[in-house]
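First comes the structure, then the notes that go with it.
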Amino acid sequence: MTRNYRFTFGPWNIGTGSDPFGPPVRPDLPFAVKLREYKKLGFDGVQLHDDDVCPADWNVEQTRRGCAELKKILVDEGLFAEFVAPRLWEHAQTIDGGYTANSEADRRYALDRSKRAVDIANMIGTRDIVLWLAREGTYIREAKCPIEAPRRILDAVNMLLAYDKNIRILGEMKPNEPMDQAYLPTPGHFLALCYKSADPKRCGVLIESAHSILAGLDPSDDIAYALFHEKLWSVHLNDQNGLKYDQDKSFGSVDLRRAFNTVWVLERAKYGGCIGLDVKAMRTTKPEHQVKHLANSRAIFLRLVEVARSIDSSKVERLRAERDYESLELYIVEKLMGK
Ligand SMILES: [Mn+2]
């Protein structure tokens, strides 16, 4: 049953438990040690920021060597690189955003760093570039021009599409945090931008459950809409307890019904992309348990696949035809309760 889905996560999903209010509570595992956990946990691929591969200030030759070293480890571990994402939110030159920064020199830094992420992607063997536009937004409306900002994001996307004719751009949208207001807060916003790009066929989205929930949407509807456009190229499945900071809780751990909706939609669409589980361990988790949230999220996903496959679609069709959604609801909820 599992052969339909390939599972991935990023090295940041095994973390030290630090948060804005407290320091690390678990030792920071070396990247190579984390990579040894993947196969044991039933995962197949690695999601990467550019500086997960090698430091952002390395020169061309150092970068080439760093990529070759990681590529060898991935091959030895039987893993693949799913995507590379330029980390445009930690450097001093991205304080005011990357592509939408008011400083021309800072925008140039963001573009150059993004091109370097494409080079890294080529060297480690993936064509997918994920853009989480973390700081492309504002704390106050008048800080930047909100009409010019999407133009600058579009120009950056076009620049990357022209830089390499093989890569695909996947926008990962989030309505807030770290910014108060993001310019492109939902996947729908980025999808509109895809069609204005120089090559719409190579522009799509990665959808994260928590981000949709933070926008007040059911992730399954965002996912279904992107599937309709044939532009759902990756997911970050997790869970989120209401409108607060981005929690990255284990998939299905807050709202099992909502998680089922997502799995049901992916199953119906025969979604063929990776299942990225962007989940974070609780701060209270002991070092010896620090990968349980990944194993648990995968197990919950696969259990929900079983439930989705056990749904009698002729029964669903009959209840739809009778407009008996009350019975349909009970049928689904009883399935979730193990009946
Ligand atoms: Mn998140």
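In each ligand, atom 1 is the first atom listed, and ligand 1 is the first ligand listed.
- For D248, the N/O/S atom at the shortest distance from the Mn ion (ligand 1) is named OD1.
- At a cut-off of 3.5 Å, with distance as the only test, a side-chain donor of D248 or N238 sits close to an acceptor on the other residue.
- Of all N/O/S atoms in E208, OE2 sits nearest the Mn ion (ligand 1).
- Looking at D246, its N, O or S atom nearest to the Mn ion (ligand 1) turns out to be OD2.
- Under the 4.5 Å side-chain heavy-atom criterion for ILVMFWY residues, a single connected hydrophobic cluster contains both I332 and L266.
- A side-chain N or O of E267 and one of Y5 form a donor-acceptor pair less than 3.5 Å apart.
- Under the 6.0 Å distance and 45° angle rule, K231 counts as a cation-pi partner of Y195.
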